[in-house]
S.K.: 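Please see the structure below; I have some questions.
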Amino acid sequence: MIVEKHVQLLGILWLCLGGLMLFLGILTFIFFLGLSFLPEVEVESSIILRLLSFLVGGVILLFSLPKLVAGYGLLKHLEWGRILTLVLSFFSLLNFPLGTALAIYSFVILTKPETVQLFNPQ
């Protein structure tokens with residue numbers, strides 16, 4: 001079926017977006033933590049940079065995990081994965097341009113009756 005291919009593509013795209021955010025979170029953490037260890041940085045600035053590395057990197061990592069879980073749920077054709085993806089798509093509308101495009105594509109595919117039947121066979 002063509003719907004299965006679209007759902008599989010959506011799952012892969014959500015996994016890619018989550019993986020990209022995971023990589024960005026780790027990179028942000030390493031960058032700010034590395035800056036805090038430079039010899040020219042004062043003690044107060046070093047503490048602020050370390051705190052910033054944990055906060056910003058942690059928040060980005062925290063936002064990447066639901067995207068990875070949603071992608072997994074879509075690939076396994078689990079109903080909660082479809083619902084989680086629809087919720088994440090709503091919040092991703094503000095993430096212009098990639099998040100907006102992926103959110104619109106997710107809404108179009110995941111709200112079709114054929115897709116609902118695929119995730120909820122009875």
Side-chain angles (χ1 to χ4, degrees):
M1 277 180 96
I2 189 125
V3 173
E4 291 179 11
K5 298 260 185 212
H6 283 291
V7 170
Q8 182 180 12
L9 178 62
L10 269 176
I12 292 169
L13 289 173
W14 278 102
L15 283 174
C16 288
L17 184 63
L20 187 65
M21 284 187 66
L22 186 72
F23 177 71
L24 181 66
I26 292 170
L27 194 65
T28 303
F29 175 77
I30 291 171
F31 177 73
F32 285 118
L33 191 65
L35 281 179
S36 71
F37 286 108
L38 289 176
E40 296 85 21
V41 176
E42 297 177 11
V43 175
E44 296 85 13
S45 300
S46 176
I47 293 171
I48 291 171
L49 284 170
R50 289 177 190 168
L51 182 65
L52 195 63
S53 73
F54 283 104
L55 289 177
V56 174
V59 166
I60 294 173
L61 290 174
L62 188 66
F63 283 143
S64 71
L65 293 179
K67 290 174 176 52
L68 294 170
V69 172
Y72 173 78
L74 286 178
L75 289 177
K76 296 296 181 181
H77 298 287
L78 301 170
E79 178 64 21
W80 58 262
R82 186 181 78 86
I83 294 169
L84 178 61
T85 304
L86 288 171
V87 171
L88 290 175
S89 296
F90 176 74
F91 291 113
S92 292
L93 285 172
L94 297 175
N95 190 7
F96 187 78
L98 293 178
T100 304
L102 184 58
I104 292 171
Y105 181 52
S106 297
F107 283 134
V108 168
I109 297 301
L110 294 178
T111 55
K112 286 184 174 183
E114 301 91 20
T115 308
V116 174
Q117 184 66 28
L118 176 69
F119 280 89
N120 202 2
Q122 293 175 357

S.K.: The criterion is side-chain hydrogen bond (donor to acceptor under 3.5 Å, both in side chains); which residues satisfy it with Q8, sequence neighbours excluded?
M.R.: none

S.K.: Give every donor-acceptor pair under 3.5 Å between a side-chain atom in residues 87-96 and any protein atom, sequence neighbours left out.
M.R.:
residue	atom	partner	partner atom	Å
S89	OG	T85	O	2.6
S92	OG	L88	O	2.9

S.K.: Can you pull out every salt bridge (Lys or Arg N to Asp or Glu O under 4.0 Å) where at least one residue sits in residues 92-101? Sequence neighbours excluded, please.
M.R.: none

S.K.: So which pairs with a foot in residues 51-65 pass side-chain hydrogen bond (donor to acceptor under 3.5 Å, both in side chains), sequence neighbours left out?
M.R.: none

S.K.: Taking distance alone, no hydrogens or angles, what donor-acceptor pairs closer than 3.5 Å link side-chain atoms of residues 106-113 to residues at least two apart or in another chain?
M.R.:
residue	atom	partner	partner atom	Å
S106	OG	W14	NE1	3.0
S106	OG	L102	O	2.8
T111	OG1	F107	O	2.4

S.K.: Which other residues end up in the same hydrophobic cluster as I47, if Ile, Leu, Val, Met, Phe, Trp and Tyr are linked when side-chain heavy atoms come under 4.5 Å apart?
M.R.: V43

S.K.: Quick check for you: to the nearest 0.5 Å, what is the distance between L17 atom CG and L13 atom CG?
M.R.: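 Those atoms lie 8.5 Å apart.
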
S.K.: Applying salt bridge (Lys or Arg N to Asp or Glu O under 4.0 Å), which residue pairs with at least one partner in residues 38-47 are found, sequence neighbours left out?
M.R.: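 For residues 38-47, and leaving out neighbouring residues, there are no salt bridge (Lys or Arg N to Asp or Glu O under 4.0 Å) pairs at all.
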
S.K.: Restricting to side-chain hydrogen bond (donor to acceptor under 3.5 Å, both in side chains), what partner residues turn up for Y105, sequence neighbours left out?
M.R.: H6

S.K.: Who else is in I48's hydrophobic cluster (ILVMFWY, side-chain heavy atoms under 4.5 Å, direct or via others)?
M.R.: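 Via sub-4.5 Å side-chain contacts, I48 links to none.
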
S.K.: Pairs under 3.5 angstrom only: tabulate donor-acceptor contacts from the side chains of residues 25-37 to other protein residues two or more places apart or in another chain.
M.R.:
residue	atom	partner	partner atom	Å
T28	OG1	L24	O	2.7
S36	OG	L33	O	2.6
S36	OG	R50	NE	3.2

S.K.: According to the salt bridge (Lys or Arg N to Asp or Glu O under 4.0 Å) rule, which pairs have a member within residues 60-88, sequence neighbours left out?
M.R.: E79-R82

S.K.: Determine whether W80 and L86 fall in the same hydrophobic cluster, where Ile, Leu, Val, Met, Phe, Trp and Tyr are linked whenever their side-chain heavy atoms lie under 4.5 Å apart.
M.R.: yes

S.K.: So do the side chains of I83 and F119 get within less than 4.5 Å of each other, counting heavy atoms only?
M.R.: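 Answer no - side chains too far apart.
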
S.K.: When you group the ILVMFWY residues by side-chain heavy-atom contacts below 4.5 Å and let the links chain together, are F54 and L65 in the same group?
M.R.: yes

S.K.: For the CG atom of L84 and the CG atom of L78, what is their distance to the nearest 0.5 Å?
M.R.: 11.0 Å

S.K.: Ring pair (Phe, Tyr, Trp, His ring centres under 6.0 Å) with F63: which residues, sequence neighbours excluded?
M.R.: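 Ring pair (Phe, Tyr, Trp, His ring centres under 6.0 Å) check on F63 returns nothing, list empty.
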
S.K.: Is there a side-chain contact between I60 and L22 in this structure, where contact means two heavy atoms from C-beta onward sitting under 4.5 Å apart?
M.R.: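 When only atoms from C-beta onward are counted, L22 and I60 do not touch, as no gap falls below 4.5 Å.
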
S.K.: So which of L74, L68, V69 actually passes side-chain contact (heavy atoms from CB on, under 4.5 Å) with L15?
M.R.: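 So, applying the side-chain contact (heavy atoms from CB on, under 4.5 Å) to L15 and each of L74, L68, V69, only L68 qualifies.
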
S.K.: Hydrophobic clustering (ILVMFWY, side-chain heavy atoms < 4.5 Å, transitive) - are L118 and Y72 grouped together?
M.R.: yes

